[in-house]
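The sequence lines fix the lettering, A, B, ..., with proteins before strands; numbering per chain opens at 1. The model shown is predicted, which means the values in this text are computed figures rather than measured ones.
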There are 2 protein chains.
Amino acid sequence: MIKNFSTIPAGIACPMVSFVNLISGKWAIPILYRMIVIDEPVRFSDLQRAVHPITQKELTRQLRQFESRGLVTRQVFAEVPPRVEYQITALGKSLRPTLDSLAEWMLENEGRLGD
Amino acid sequence: MIKNFSTIPAGIACPMVSFVNLISGKWAIPILYRMIVIDEPVRFSDLQRAVHPITQKELTRQLRQFESRGLVTRQVFAEVPPRVEYQITALGKSLRPTLDSLAEWMLENEGRLGD
DNA sequence: CTGAATCCGATTGGATACTG
DNA sequence: CAGTATCCAATCGGATTCAG
């Protein structure tokens, strides 16, 4: 017998919609997780090397988005050659346990997935 | 002082890339989480009502994808009117702790996010 | 009821060239 | 080095129509 499905509050899934809005796209999670693991200021070019093969354009876009959300900070040094360092914030770091869990699940179950 | 970034194995972020490939898109996580919470066979139309305002096309596409990955099952009943029931698999359910953690983080931190 | 098919606009994301 | 600007292809995703 199937329970009356409509009795389940529609709001349950809403955090998930918010989450997808927060970190959607091909590179968002990989970038964020990498920065969490690093947990130190990191230069743009180093980050690009670490998260490859991401393009400059994509990396820039995602970093700007994270910055506006308060997940990472951006510090510009008035030098030649220019140096810009990005770093994960406390808020960003608070995502670590969740993302760890996610990575672990993937490592454990990748082999079981179809296709 | 900045650690030499290139010493960090590039493989660390790979599970994340796999994860994004598994459940990317606007509706994938909301659908999956909803089915996990239900944990019972659910009809197509009920699911569409629960995860709104998703279109038929999108719901169909995502369900087919999940089916091919082994995250949900699809059972067709030869009736008039036709009935099709989808249900989360054990593999799909094993994602629950991770997705719970994700939902909780979102509920706790939604207010702290910029923009 | 459960789709498949089609059309369409919006968004994503890669490649490349250029700049301070 | 750290971007910006431009072009382009592919995908995403909504609206609508049709079919078994």
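- The heavy-atom pair separating A:Q48 from A:I54 by the smallest distance is NE2-O, 3.2 Å.
- Distance A:L59 CG to C:dG14 P: 11 Å, rounded to the nearest Å.
- Closest heavy-atom contact between A:T98 and B:W105: OG1-CB, 4.3 Å.
- Side-chain N/O atoms of B:R43 include one lying less than 4.0 angstrom from OP1 or OP2 on C:dT2.
- The separation between A:I54 atom CD1 and C:dA15 atom C1' is 14 Å, rounded to whole Å.
- The nucleotide whose nearest atom lies closest to any side-chain atom of A:E58 is, among C:dG14, D:dA2, C:dG3, C:dG14.
- The 5' end of DNA chain D is approached more closely, in terms of each residue's nearest nucleotide, by A:V76 than by the other of B:W27 and A:V76.
- Using a 4.0 Å heavy-atom criterion, one finds that A:Y86 contacts the sugar-phosphate atoms exclusively.
- Comparing D:dT4, C:dC1, C:dA4 against the side chain of B:Q56 picks out C:dA4 as the nearest.
- Residue A:S24 is the one, among A:S24 and A:P82, whose nearest nucleotide of DNA chain C lies closer to the 5' end (criterion: closest heavy atom).
- One can place CD of B:E79 at 13 Å from P of C:dG3, the figure rounded to the nearest angstrom.
- Separating the CD atom of B:Q65 from the P atom of D:dT11 is a distance of 12 Å, rounded to the nearest angstrom.
- Listed nucleotides D:dT4, D:dG13, C:dA15 differ in distance to A:T55; the shortest reach to its side chain belongs to C:dA15.
- Distance, B:F44 CZ to C:dG3 P: 6 Å, rounded to whole Å.
- Taking every heavy atom of both residues into account, A:R64 and A:R74 meet most closely at NH1-NE, 3.3 Å.
- Closest contact between the side chain of A:K26 and the listed nucleotides D:dC1, D:dG14, C:dG13 involves C:dG13.
- Atoms CD1 (B:I29) and P (D:dC12) sit 15 Å apart, rounded to a whole Å.
- Of the residues A:I88, A:I31, A:L22, the one that meets the side chain to side chain contact (heavy atoms under 4.5 Å, CB included) test with A:F66 is A:I31.
- The shortest distance between the side-chain N/O atoms of B:R74 and the OP1/OP2 oxygens of C:dG3 is below 4.0 Å.
- Of the side-chain N and O atoms in A:R83, none sit less than 4.0 angstrom from OP1 or OP2 of D:dA2.
- We find that CG of B:L47 is positioned 14 Å from P of C:dC1, with the value rounded to whole Å.
- One interatomic measurement links the two molecules: NZ of B:K57 to P of D:dG14, which rounds to 9 Å at whole-angstrom precision.
- Closest non-hydrogen pair, B:P82 versus B:R43, comes out as O-NH2, 3.2 Å.
- Contact annotation: A:R61 side-chain N/O to D:dT4 OP1/OP2 distance is not under 4.0 Å.
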